Number of protein chains: 2
Amino acid sequence: MSDAKKNKPATPDLASVPKAVVSRLSLYLRELQHLVFDGHETISSHRLGKLLGFSDAQVRKDLAYFGQFGHPGIGYRCPELIAAIRGILGTDAVWPVALVGVGNLGRALLGYKGFGAQGFQVQAAFDSDARKTGSTVEGVTVYHFDDLAKVVRQRGIRVGIVSVPADSAQTVADRLVEAGVEGIVNFAPVTISLPESVSLVGVDLAIELEQLAFSVVNRRQTR
Amino acid sequence: MSDAKKNKPATPDLASVPKAVVSRLSLYLRELQHLVFDGHETISSHRLGKLLGFSDAQVRKDLAYFGQFGHPGIGYRCPELIAAIRGILGTDAVWPVALVGVGNLGRALLGYKGFGAQGFQVQAAFDSDARKTGSTVEGVTVYHFDDLAKVVRQRGIRVGIVSVPADSAQTVADRLVEAGVEGIVNFAPVTISLPESVSLVGVDLAIELEQLAFSVVNRRQTR
DNA sequence: TAGATTGTTAATCGATTAACAATC
DNA sequence: TAGATTGTTAATCGATTAACAATC
């Protein structure tokens, strides 16, 4: 037996954690940050779950995938749990990010304060329109798309945001992968395919509204 | 036995369809629209699944929750299936939408073409900053937040988009509910609570990046 | 007809819930 | 101590996959 106890593995297999658990982890983190802001020092699984609409058992089970963070009789200490979740998500260090496509949505994303607050720093923007390149948007330099690989490598950028129209999203994604990024958030309303080795998160704003429409029409709760 | 055969209920209980199935429905729809654009008339569950990274069995099972849309030996006729899915999602008619919070993100959402393409029409925007009210952004009139209830009722708006800062999101949501909306898409990075009767979809842009970071660090596929 | 492909059933797999001894 | 609350196990519930007769 290689681990100290036989309970939790010293190195839990994070890749095998259910996807649903990981997505709730981000919600726990966000809630904990608000709790600290409101002056709370500890929180029980019951109260944390209640705030998010989950059961206490689910909160405890989710967190237990990653280790033992709670204190029986007390609950979870907020700052401690925040640090732990940041470590698990990998957002305890700053991630340099590239954004491709400085249109309406791209500009909004460049100005979005929430990224910085969670450890993401958009260090370079790219566009193929020469009227936009060379300028600065929200403090971020807009480079020409042709310089993508060079700048991404120079700055050690690991993830890219795609905010171009649907018909160029695949090409942009391919260039980002060539340039060496390991993950992409795609805001274009189209399916893109990437090598297995590159992670992909798709965000389709119209689909979010569609999902809402369905639950309105069928009177069901979305969460 | 009230239904014709004993197979599919004449009125399938849509509220009991798994949430995951409904979210894939939107992806099928998006893919089918691209397929039609590319000149395809029919598509098999195998090919549709392949495009999206799902198995053929899953595609067939998902669609079978809602009825029989396929043709053995042929596959699914794209335009037919598109119409069926639109009917299921409720986006076969136009949904008038209200947007609250004309900041960076709000402006981008007002200019987002994808909403219109999927049946959503932002008919009114609201802000509490008097310098913004009375103007027009992307062809949409910006009203003062105080006029929310009046305009929402006048236009029969059923869903609202919240794109205000986190600290005013709950208040804005409450006012939207008072005004009679039945569903809300919340872009503010905070949990909001609504009556059971109102549907809620939350979109947190930083959380999407966090989820990507986790899968990059743990080299796992997000979809 | 032969080949392709559906809708559906049964088997498998995975996630959530309930319960409770252990702990503070 | 008594009360609160955890981490974990076992039981339940739900979703996905595999297989195949029915259909075009």
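Remember, predicted model here, so these are calculated numbers, not experimental data. Lettering of chains follows the sequences in order, A, B, ..., and the numbering in each one begins at 1.
A:E31 is linked by a side chain to side chain donor-acceptor pair (under 3.5 Å) to B:T191, counting only residues two or more places apart in sequence or in another chain. For A:Y28, the side chain to side chain donor-acceptor pair (under 3.5 Å) partners are A:D62, not counting sequence neighbours. Looking at residues two or more places apart in sequence or on another chain, you find no side chain to side chain donor-acceptor pair (under 3.5 Å) involving B:R86.
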Discussion item. Does A:E182 form a side-chain hydrogen bond (donor to acceptor under 3.5 Å, both in side chains) with A:S199? I'd like the steps, not just the answer.
Written reply: CA-CA 6 Å; A:E182 298 165 73; A:S199 299; over 6 Å; no
Practice prompt. Given side-chain contact (heavy atoms from CB on, under 4.5 Å), test B:L209 with A:F115 step by step and report yes or no.
Written response: CA-CA 8 Å; B:L209 267 172; A:F115 292 148; 3.5 Å; yes
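Within 4.0 Å (heavy atoms only), A:F69 reaches sugar-phosphate atoms of the nucleic acid but no base atom.
Rounded to whole Å, the distance from CG on B:L63 to C1' on C:dT5 is 13 Å. Rounded to whole Å, the distance from CD1 on A:I74 to P on D:dT5 is 9 Å. Between A:L81 atom CG and D:dT5 atom C1' there is a gap of 15 Å when expressed in whole angstrom units. Rounded to an integer number of Å, the gap from B:D56 CG to C:dA4 P is 14 Å.
In this structure, B:W95 and B:F120 have tilted ring planes: the angle between them lies in the 30° to 60° band.
The 12-atom threshold is not exceeded at CD of A:E41, counting heavy atoms of other residues, nucleotides or ligands nearer than 6.0 Å.
A heavy atom lying under 4.0 Å from DNA chain C marks the following residues of residues 43-50 of chain B, by number: B:S44, B:S45.
Residue A:Q68 places at least one side-chain N or O closer than 4.0 Å to OP1 or OP2 of D:dT8. Here B:Y76 does not reach the OP1 or OP2 of D:dC24: none of its side-chain N or O atoms lies under 4.0 Å away.
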Polar atom pairs between nucleotides 16-18 of chain D and protein, under 3.5 Å, N or O only, would you list them?
{"from": "D:dT16", "atom 1": "OP1", "to": "B:R24", "atom 2": "NH1", "distance (Å)": "3.1"}
{"from": "D:dT16", "atom 1": "OP2", "to": "B:R24", "atom 2": "NH2", "distance (Å)": "3.1"}
{"from": "D:dT16", "atom 1": "O5'", "to": "B:Q58", "atom 2": "NE2", "distance (Å)": "3.2"}

Worksheet item: Could you spell out the base pairing of DNA chain C in dot-bracket, with Watson-Crick or G-U pairs whose two distances are under 3.5 Å, [ ] crossing and | to another strand?
Response: ..||||||||||||||||||||||
